[in-house]
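Scroll down for the structure; my scribbles are underneath it.
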Amino acid sequence: MSNPFYDLYNAMKRSEKEVLISGSGSTPQGKNEKNRSGQSYLYKRHGMESEVIEIRLKKKVSGSFLNQALQTSIKRYPYFNTRLVERDGDFYIIQNAQSLVARRTKTLARLGHISCGCHLVDITYYDCSIYVSFHHALCDGRGIMPFVETLIYYYCNPAYGTEPLPEGVRQADDPLLPGETDDPFLQKYSFDDQKEFISLSRDAYAIPENVVTGEITNYRYEVRVPATAYMKACREHNATPVILLALLMSRAIAGIYPDYDKPINANIATDMRDALDAPNTFKNCVKSMILPYSRESAEKSLTEQATEYRELLNAQRDRDYCRREANAMIGLFDKLDSLKSYEEKQKIISFYEGMTLNTYIISYLGTFRLGAHEKQIDSIHLYNSGTTGLGINMICCGDSFILDFKQNFSSNKYVRTFCAQLEQLGAECRVSDSIPFITPGDSIIKRETESVVPAV
């Protein structure tokens with residue numbers, strides 16, 4: 001028998017949600033903005049772990065200058081001052097009435113939790129580091145990168161002295177770019193289905209550590225490589241930064257496991273914005289490409305391998321191929337949209353949570369535009385916990401490439417063997433000790449465990 005007071009309460013809560021959903025979106029002028037592009041990150045059983053961009057300065061961070069920079073920068077990026085509202089298992093982006101505030105703390109809050117104002121982006125700092133935590137359901141690394149560049153610029157000007165705006169960095173009063181808040185996964189794409197597409201297998205060699213465990217602590221190794229030496233090696237062997245990274249890592253794994261019985265796959269996170277005619281969107285817009293390393297590959301020279309990888313990447317970046325891949329993702333989102341509750345949608349996503357990508361994963365965020373303030377920045381890092389096996393994030397920052405090896409195990413055998421490969425090409429590198437760390441799962445939906453955890 002229904003409880004009339006409970007029914008009335010639910011009706012009032014639903015009405016409140018509908019008012020909020022119809023009142024704003026990524027911008028104050030938006031409305032009814034369902035999160036489509038990030039759906040697969042919203043239904044994880046224990047929440048999606050925060051992605052963290054850590055800007056490590058050479059001097060201690062000033063909280064007053066950082067908050068001043070944050071309040072100035074967020075004017076240009078209203079879509080990062082938002083939160084999510086859930087209705088019937090779907091999530092909608094709305095403006096957040098609570099302003100973003102940079103807090104001095106060693107801990108990272110759960111995104112979506114009241115401790116960070118229910119935001120999906122959170123700014124904290126401690127000693128010489130600024131931590132920009134973001135939720136992958138809201139945006140990807142390329143989506144938040146312009147905000148980080150703007151934040152650095154407006155922080156460094158009062159802190160160290162005014163410098164010219166780096167080319168391409170957005171100012172607080174710049175208008176939004178065309179399509180900047182568009183969701184690229186609202187409708188399916190047309191493509192040439194008569195074209196013959198490349199076919200690559202994900203049935204690849206699995207390193208022993210590439211298994212799901214209940215351990216939440218991950219481990220990180222930070223590698224710094226001089227950009228001049230790294231790019232010299234790239235030019236000498238017809239490689240791009242990502243191709244050289246993939247080749248040396250796969251060679252390293254082949255050396256550690258000489259009896260590998262399947263191709264060693266580097267799974268490369270790839271931006272699809274251009275192929276989907278959404279070059280300016282801040283929303284999540286990535287797919288995974290494969291670079292396999294087989295015994296046949298091992299017989300070739302490094303230059304021959306790199307040239308072959310260029311062809312493989314070009315085939316997987318093909319406009320029609322990407323649009324076909326996007327349609328497959330949209331098919332999953334359509335299936336989720338057809339379900340009427342959070343629990344039903346979570347059951348679908350839980351099937352994918354147990355799946356792993358063999359052999360390892362690479363993500364290259366690109367080069368941060370720092371201008372004259374480059375001299376104030378020690379390094380920039382990208383990392384998140386929740387890794388199964390081995391993942392590598394790469395960033396170009398000033399005169400260095402910064403690589404963060406993320407693992408669910410503490411051994412340094414992969415990073416050590418990779419660096420040995422790199423040093424054979426004349427590129428000396430510096431490697432940190434093992435760094436245990438956790439980035440917390442979100443609190444968009446209340447779960448059993450609600451807590452904050454250390455940043456490192």
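Side chains are part of it too, since the values below use all heavy atoms of this structure and drop only hydrogens, waters and symmetry mates. What you see is a predicted model; the values in this text were computed from it and never measured.
Aromatic ring pairs are classed by plane angle as parallel below 30°, tilted from 30° to 60° and perpendicular above 60°; the pair Y205 and Y260 is perpendicular. By the 30° and 60° cut-offs, the orientation of the rings of F333 relative to F185 is perpendicular. Between Y77 and F147, the ring-plane angle classifies as perpendicular under the 30° and 60° cut-offs. Between Y414 and F409, the ring-plane angle classifies as perpendicular under the 30° and 60° cut-offs.
Q407 and Y221 share no side-chain donor-acceptor pair at under 3.5 Å. Side-chain contact of E296 with S294: a donor-acceptor pair under 3.5 Å is present, judged by distance alone. In this structure, a donor-acceptor pair under 3.5 Å is present between the side chains of T307 and N238.
Under a 3.5 Å cut-off, the side chain of R369 and the backbone N or O of T150 do not form any donor-acceptor pair. With hydrogens and angles disregarded, no donor-acceptor distance shorter than 3.5 Å links the side chain of S37 to the backbone of K283. Panel note: side chain T387, backbone G389; no donor-acceptor pair is recorded below 3.5 Å. Within the 3.5 Å criterion, the main-chain N or O of V286 finds no donor-acceptor partner in the side chain of D271. Under the 3.5 Å distance criterion, the side-chain polar atoms of N284 are left unmatched by any main-chain donor or acceptor of G38.
Taking CG of L120 as the start and OG of S133 as the end, the distance is 11.5 Å to the nearest 0.5 Å. Taking CZ of R56 as the reference point, atom OG of S379 lies at 4.5 Å (rounded to 0.5 Å). Atom CG of N81 sits about 8.5 Å away from atom CD of Q71, to the nearest 0.5 Å. Taking CG from N96 and NE2 from H119, the interatomic distance works out to 3.5 Å, rounded to the nearest 0.5 Å. Going from atom CG of L100 over to atom OG of S73 covers 10.5 Å, rounded to the nearest 0.5 Å. With rounding to the nearest 0.5 angstrom, the CD atom of E325 is 10.5 Å from the CE atom of M289.
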**Message:** Please evaluate residues R324 and D192 with respect to the criterion salt bridge (Lys or Arg N to Asp or Glu O under 4.0 Å), reporting the C-alpha separation (whole Å), side-chain torsions for both, the decisive distance (0.1 Å), and the verdict.
**Reply:** CA-CA 9 Å; R324 187 185 71 162; D192 182 0; over 6 Å; no
**Item:** Test salt bridge (Lys or Arg N to Asp or Glu O under 4.0 Å) applied to K34 and D90, step by step
**Value:** CA-CA 7 Å; K34 182 189 289 188; D90 293 323; 3.5 Å; yes
**Prompt:** Given F418 and L245, is the side-chain contact (heavy atoms from CB on, under 4.5 Å) satisfied, shown in steps?
**Reply:** CA-CA 9 Å; F418 166 82; L245 171 57; 3.5 Å; yes
**Prompt:** Between F80 and F282, does a ring pair (Phe, Tyr, Trp, His ring centres under 6.0 Å) hold up when you go through it step by step?
**Reply:** CA-CA 10 Å; F80 290 139; F282 79 90; 5.8 Å; yes
**Request:** Kindly determine whether E86 and Y92 satisfy side chain to side chain donor-acceptor pair (under 3.5 Å), including the steps that lead there.
**Result:** CA-CA 6 Å; E86 181 267 338; Y92 296 80; over 6 Å; no
**Request:** Would you sort out whether Y126 and T105 count as a side-chain contact (heavy atoms from CB on, under 4.5 Å), showing the intermediate values?
**Result:** CA-CA 6 Å; Y126 199 84; T105 175; 5.8 Å; no
**Asked** Are K347 and E344 close enough, and set up right, to give a salt bridge (Lys or Arg N to Asp or Glu O under 4.0 Å), and what steps lead you there?
**Response** CA-CA 5 Å; K347 286 179 183 178; E344 289 178 288; over 6 Å; no
**Asked** Given K300 and E308, is the salt bridge (Lys or Arg N to Asp or Glu O under 4.0 Å) satisfied, shown in steps?
**Response** CA-CA 10 Å; K300 300 176 182 178; E308 185 176 86; 2.5 Å; yes
**Message:** Could you walk me through whether Q95 and Y79 satisfy the side chain to side chain donor-acceptor pair (under 3.5 Å) test, starting with their C-alpha distance in whole Å, then the side-chain angles of each, then the deciding distance to 0.1 Å, before giving a yes or no?
**Reply:** CA-CA 7 Å; Q95 290 290 293; Y79 44 80; over 6 Å; no
**Request:** Output, in order, the C-alpha distance, side-chain angles, deciding distance and verdict of side-chain contact (heavy atoms from CB on, under 4.5 Å) for L176 and T27.
**Result:** CA-CA 10 Å; L176 295 183; T27 65; 3.8 Å; yes
**Asked** Checking side chain to side chain donor-acceptor pair (under 3.5 Å) for the pair T439/S385: CA distance, chi angles, key distance, verdict?
**Response** CA-CA 5 Å; T439 63; S385 58; 3.1 Å; yes
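Relative to the ring axis of F91, R36 does not place its NZ or CZ within 45° and under 6.0 Å from the centre. Geometrically, R220 engages F437 in a cation-pi contact defined by less than 6.0 Å to the ring centre and at most 45° from the axis.
Nearest heavy atoms, S115 versus A109: OG-CB, 3.3 Å. The two residues N393 and L382 make their nearest non-hydrogen contact at ND2-O, 2.8 Å. Between T359 and N267, the shortest heavy-atom distance links the atoms N-ND2, 3.7 Å. When all heavy atoms are compared, the tightest approach of L312 to P292 is CD1-CD, 3.8 Å. I253 and Y360 get closest at one heavy-atom pair: CD1-CD2, 3.6 Å.
Using a 4.0 Å cut-off between charged nitrogen and carboxylate oxygen, K262 and D203 count as a salt-bridge pair. Taking a cutoff of 4.0 Å between a charged side-chain nitrogen and a carboxylate oxygen, E49 and R110 do not qualify as a salt bridge. Salt bridge status for D277 with R319: present, with a side-chain N to carboxylate O gap under 4.0 Å.
Residue-environment remark: NZ (K31) stays at or below the threshold of 12 foreign heavy atoms within 6.0 Å. More than 12 heavy atoms of other residues, nucleotides or ligands shown are found within 6.0 angstrom of CD1 on I256. For Y9, the OH atom counts as loosely surrounded, since its 6.0 Å shell holds 12 or fewer non-hydrogen atoms of other residues, nucleotides or ligands. Q187 CD: more than 12 foreign heavy atoms inside a 6.0 Å radius.
Here the side chains of L200 and Q316 are in contact, with some heavy-atom distance below 4.5 Å. In this structure the side chain of L42 never reaches within 4.5 angstrom of the side chain of I349, judged on heavy atoms. Between F401 and C396 the shortest side-chain heavy-atom distance falls below 4.5 Å. Using a 4.5 Å cut-off on side-chain heavy atoms (C-beta onward), N327 and R323 make no contact. The closest side-chain heavy-atom distance from S363 to M394 is not below 4.5 Å.
With Y383 as the fixed residue, the side chain to side chain donor-acceptor pair (under 3.5 Å) test singles out one of E222, K406, E54: E54. Just one of K340, K345, Q346 meets the side chain to side chain contact (heavy atoms under 4.5 Å, CB included) condition when paired with Y342; it is Q346.
Judged as a side chain to side chain donor-acceptor pair (under 3.5 Å), and not counting sequence neighbours, the contacts of K195 are D318, D320.
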